[in-house]
Engineer: 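Dropping the structure in here first, questions after.
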Amino acid sequence: QVQLVEFGGGLVQAGGSLRLSCAASGRTSSSYTMAWFRQAPGKEREFVAGISWSGGSTSYADSVKGRFTISRDDAKNTMYLQMNSLKPEDTALYYCAARRGTKTYTAPEKYDYWGQGTQVTVSS
């Protein structure tokens with residue numbers, strides 16, 4: 001079993017930056033693929049970014065490409081999401097997720113473990 005806890009959400013003005021962290025504990029290992037998802041009120045949970053077990057491969061939703069950067073530090077069992085040039089439409093509850101295996105999927109049902117979420121609010 002793996003436990004995930006997100007940190008770093010908050011309120012920021014449009015154009016600003018935030019860095020989210022996701023700390024993993026429990027039966028962690030570097031063979032987990034990890035990802036960030038987000039869910040705005042009234043909308044479905046959507047894929048934001050994913051990172052392979054080695055950290056060598058990353059993928060992004062088109063809506064955040066060039067603005068967000070995903071990374072991981074397996075020595076610290078922590079994943080990050082650096083968010084720059086934030087827009088009001090980035091406002092959502094952000095979740096980190098992990099799945100056993102080496103492939104990144106964009107579908108939330110492919111992930112085995114989830115954090116409780118951290119709120120990001122971008123004001124215009």
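For reference, positions follow the sequence shown, starting with 1.
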Engineer: I'd like to know if Tyr80 and Tyr111 are part of one continuous hydrophobic network [Ile/Leu/Val/Met/Phe/Trp/Tyr, side-chain heavy atoms within less than 4.5 Å].
Structural biologist: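 Tyr111 does not cluster with Tyr80.
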Engineer: Determine the minimum heavy-atom distance between Thr78 and Ser21, stating which atoms define it.
Structural biologist: CG2-CB, 4.3 Å
Engineer: In this structure, would Val64 and Ile51 fall into the same cluster of hydrophobic residues linked by side-chain contacts under 4.5 Å?
Structural biologist: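 Linked within one cluster.
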Engineer: Looking only at heavy atoms, what is the nearest atom pair of Thr104 and Ser59, with distance?
Structural biologist: CG2-OG, 3.7 Å
Engineer: With rounding to the nearest 0.5 Å, note down the distance linking OG1 in Thr91 to CD in Gln119.
Structural biologist: 7.0 Å
Engineer: Look only at the side chain of Arg72 and the backbone of Ser52, and say whether a donor-acceptor pair between them is shorter than 3.5 Å.
Structural biologist: yes
Engineer: In Å, rounded to the nearest 0.5 Å, how long is the span from CG of Leu93 to CD of Gln39?
Structural biologist: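 Rounded to the nearest 0.5 Å, the CG-CD separation comes to 7.5 Å.
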Engineer: Using the ring pair (Phe, Tyr, Trp, His ring centres under 6.0 Å) rule, pick out the option among Tyr95, Tyr105, Trp114 that qualifies with Phe37.
Structural biologist: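 Of Tyr95, Tyr105, Trp114, ring pair (Phe, Tyr, Trp, His ring centres under 6.0 Å) with Phe37 is met by Trp114 alone.
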Engineer: Hey, quick one: are Met83 and Val12 part of the same hydrophobic cluster, counting side-chain heavy atoms closer than 4.5 Å, chains of contacts allowed?
Structural biologist: yes
Engineer: So, for Leu86 and Leu18, which heavy atoms are closest and what is the spacing to 0.1 Å?
Structural biologist: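 Smallest heavy-atom distance, with atoms named: CD1-N, 3.8 Å.
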Engineer: How many angstroms lie between atom CG of Leu81 and atom OH of Tyr60, to the nearest 0.5 angstrom?
Structural biologist: 7.5 Å
Engineer: With a 4.5 Å cut-off on side-chain heavy-atom distances among I, L, V, M, F, W and Y, is there a chain of contacts connecting Phe47 to Met34?
Structural biologist: no
Engineer: Sequence neighbours left out, what pairs pass salt bridge (Lys or Arg N to Asp or Glu O under 4.0 Å) with at least one residue falling in residues 38-50?
Structural biologist: Arg38-Glu46, Arg38-Asp90
Engineer: Go through the structure and list residues passing side-chain contact (heavy atoms from CB on, under 4.5 Å) with Thr118, not counting sequence neighbours.
Structural biologist: Glu6, Leu20, Tyr94
Engineer: Suppose the criterion is salt bridge (Lys or Arg N to Asp or Glu O under 4.0 Å): which pairs have a residue in residues 109-123, not counting sequence neighbours?
Structural biologist: Arg100-Asp112
Engineer: Testing the basics here: between Ala35 and Ile70, what is the closest heavy-atom pair and its distance to 0.1 Å?
Structural biologist: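 Between these two residues, the closest heavy atoms are CA-CD1, 4.5 Å.
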Engineer: Could you tell me which non-hydrogen atom of Ser124 sits nearest to which non-hydrogen atom of Pro88, and how far apart they are?
Structural biologist: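 Scanning both residues completely, I find the closest heavy atoms to be CB-CG, 3.8 Å.
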Engineer: Which residues satisfy the side-chain hydrogen bond (donor to acceptor under 3.5 Å, both in side chains) test with Thr106, sequence neighbours excluded?
Structural biologist: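 If we apply the side-chain hydrogen bond (donor to acceptor under 3.5 Å, both in side chains) test to Thr106, skipping adjacent residues, there are no hits.
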Engineer: Can you name the nearest heavy-atom pair linking Ser17 to Gln82, along with the distance?
Structural biologist: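 Minimum heavy-atom separation between Ser17 and Gln82: CB-NE2, 4.0 Å.
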Engineer: Apart from Phe7 itself, what residues make up its hydrophobic cluster, given side-chain heavy atom links below 4.5 Å?
Structural biologist: Val5
Engineer: Treating Thr33 as the side-chain partner and Arg99 as the backbone partner, does any N or O pair qualify as donor plus acceptor under 3.5 Å?
Structural biologist: no
Engineer: Show every disulfide bond (SG atoms under 2.5 Å apart) that has at least one partner inside residues 49-93, sequence neighbours left out.
Structural biologist: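 As it turns out, there is no disulfide bond (SG atoms under 2.5 Å apart) pair with a partner in residues 49-93 once direct neighbours are skipped.
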